[in-house]
Amino acid sequence: MKRTKVKRLLAEKAIGQEICVKGWVRTRRGSKNVSFIALNDGSTINNIQVVAEGDHFDDKILKKITTGSAISVIGILVASKGGQQNIEILAAAIEILGEADADEYPLQPKKHSLEFLREKAHLRFRTNTFSAVFRLRHALTFAVHKFFNDKGFSSIHSPIITGVDAEGAGEMFQVTTLDLENIGPEVDYTTDFFGSKTNLTVSGQLEAELAALALGQVYTFGPTFRSENSNTSRHLSEFWMIEPEVAFADLEENMDLAEEFLKYCIQYCITNCADDLRFLDNRLVEEEKNLKKEEKHEMGLLERLQFVIENDFERLTYIEAIDILRNSKPNKKKKFNYIIEGFGDDLQSEHERYLVEKKFKKPVIITDYPKGIKAFYMKQNEDGKTVRAMDILFPLIGEIVGGSQREEDLEKLSQRMEEMGVEKEELWWYLETRKFGTCIHSGFGLGFERLIMFVTGMKNIRDVIPFPRTPQNADF
RNA sequence: UCCUCCUUAGCUCAGUUGGUUAGAGCAUCUGACUGUUAAUCAGAGGGUCCUAGGUUCGAAUCCUAGAGGGGGAGCCA
């Protein structure tokens, strides 16, 4: 008999029908006469209750239905006599597909800490929280592709192994087939696999620009690698990044695209993952129950998502932001660790948080940063001091998007590369796009895991990717 | 990389000023129970107190070093 997924059973409620379900046991409880099995098959956060009457089943079978075991059930869908579910399955036959020794199976039907589950990353998919997070991760993946596809963008697979070491986006992982245990003091990269020094990509942007200057609208969505020794709740050594790049678009259009994109993705989850979001919403309420009032969030998860969709992001220039910060209470009272004095100061995370969480209480887009603190490829403003950059700051997670209008003028770009010590020879192909048929264009990079954090309310980035890669950890 | 906190049973955690045989809840096992909702009730088993040194008559507790983890900072997405 073909199995029906739990999600469909709960939606259709076809009472009286004989059905087959397969899944993993969350709990079994009951008395000598009757057992209740909470069964989950991953199609939804919700379990289906299987009722096994004692006289129909051998004690030996019932004993094997432990938390974590996989079973197949054939039975009749009936209205439930219990209070907490409408329907349940009255089991006629139960087959044990895979046992889970209760003495050894690490997950119990109770709350586990996220830290503990991180050490059990191979099994944490089986918990409510992580199954919800990973269904949402999928929904967001799909929403990203759907958004861009519907707008006529082409997906571009930028290379994962690259010889470019010029963007300065971060420390790189080297890729080599050289025998590291027998390497001389002088390394001859012409003998290496690719005949030159290669690394894992830190960004697909430069390649995306090449494609955009032909296909018009493109985006990359792929893995990105940074070997920085960052030990924080919002950095990974391997993460996924989305980088749209649009020809003939200026910074305004770039911001409009980013804002529309973020709202679309969030709305997609609200529409398609209501059960999972409701579960995560409750989870956060529970988590914050014991916190002091001032430590609690003003809004619940769902409320927060709705709020972001319904309100325009606050847009201001770097100079305006510095002005606000310089005159802010924490700056005057020297509560900031880094006091803002004026133009040229970098915005630290405490300043970003002040703007987003205290001053505007919504997402903020800051534009036109000093050129000294931004990358070489950003379009220079007339003032000679600032560049057409934009960062989108989100509540709780900080910078979620970094983007800019690109410098399309060959002369200005070359000059800036020289000033910043970027090797022009290495990026000859990048420069040729400015030599042949150059045009204004813009793009941004969005950290996919940071978006998932915002949508799910998870506070540590390691809990929104199946197998996090961080310094000193590449388990599983 | 820096600052800071933590590491005690399978899990979550208590352990007073350094003092007998290190505790609780949950989980597990045994038994009871006619429909449970993290079922309940009774009983049992379960410990490298992170590791290595040191101080002390005596260390889970104090000191030093190391490992692992959390939070914050920097870098960024």
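To find a chain, count down the sequence lines: A is the first, B the second, and so on, and within it residues start at 1.
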message: Taking the ring centre of each residue, are A:Tyr264 and A:Phe148 less than 6.0 Å apart?
response: no

message: Holding to side chain to side chain donor-acceptor pair (under 3.5 Å), I want the full list of residues that pass it with A:Asp345, two or more places apart in sequence or in another chain.
response: none

Results of side chain to side chain donor-acceptor pair (under 3.5 Å) for A:Asn229 - residues two or more places apart only: A:Asn231

task: Have a look at A:Phe444 and say if it touches a base, only the backbone sugar-phosphate, or nothing, with a 4.0 Å heavy-atom cut-off.
output: nothing

- prompt: Within the structure shown, what part of the strands sits under 4.0 Å from A:Ser230 by heavy-atom distance: base, sugar-phosphate, or nothing?
  reply: base

- prompt: Listed by chain and number, what are the ring-ring contact (aromatic ring centres under 6.0 Å, His included) partners of A:Tyr430, not counting sequence neighbours?
  reply: none

Side-chain N or O of [X] less than 4.0 angstrom from OP1 or OP2 on [N]?
{"X": "A:Ser113", "N": "B:U12", "answer": "yes"}
{"X": "A:Arg234", "N": "B:C75", "answer": "no"}
{"X": "A:Ser349", "N": "B:A73", "answer": "yes"}
{"X": "A:Ser203", "N": "B:A77", "answer": "no"}
{"X": "A:Asn337", "N": "B:C3", "answer": "no"}
{"X": "A:Arg353", "N": "B:A73", "answer": "yes"}

message: Should the side chain of A:His235 and the base of B:C76 be counted as holding a donor-acceptor pair, with the cut-off at 3.5 Å?
response: yes

query: Going by the side chain to side chain donor-acceptor pair (under 3.5 Å) test, which pairs reach into residues 66-88 of chain A, not counting sequence neighbours?
result: A:Gln49-A:Glu88, A:Ser80-A:Gln85, A:Ser80-A:Glu88

Just how far, in rounded Å, is [atom2] of [N] from [atom1] of [X]?
{"X": "A:Asn282", "N": "B:A38", "atom1": "CG", "atom2": "P", "value": "14 Å"}
{"X": "A:Phe394", "N": "B:C76", "atom1": "CZ", "atom2": "C1'", "value": "17 Å"}
{"X": "A:Asp391", "N": "B:C75", "atom1": "CG", "atom2": "C1'", "value": "13 Å"}
{"X": "A:Leu396", "N": "B:G71", "atom1": "CG", "atom2": "C1'", "value": "15 Å"}

[atom1] atoms of [N] and [M], separation to the nearest Å:
{"N": "B:G47", "M": "B:G10", "atom1": "C1'", "result": "12 Å"}
{"N": "B:G19", "M": "B:C62", "atom1": "C1'", "result": "14 Å"}
{"N": "B:U28", "M": "B:C11", "atom1": "P", "result": "14 Å"}
{"N": "B:G45", "M": "B:A38", "atom1": "C1'", "result": "23 Å"}

field: A:Phe343 six-ring face occupied by A:Lys385 cation (under 6.0 Å, within 45°)
entry: yes

Short side-chain donor-acceptor distance under 3.5 Å, A:Glu243 and A:Ser203: yes

query: Do we see a donor-acceptor contact under 3.5 Å between the side chains of A:Tyr377 and A:Gln205?
result: yes

- request: Do nucleotides 23-36 of chain B as a string where each nucleotide becomes B, S or -: B if the base has a protein heavy atom under 4.0 Å, S if just the sugar-phosphate does, - if no protein is that close.
  value: --BBSSS---BSBB

- line: Its dot-bracket string being built from Watson-Crick and G-U pairs below 3.5 Å, with | for another strand and [ ] for crossing, RNA chain B has the pattern (((((((..((((.....[...)))).(((((.......))))).....(((((..]....))))))))))))....

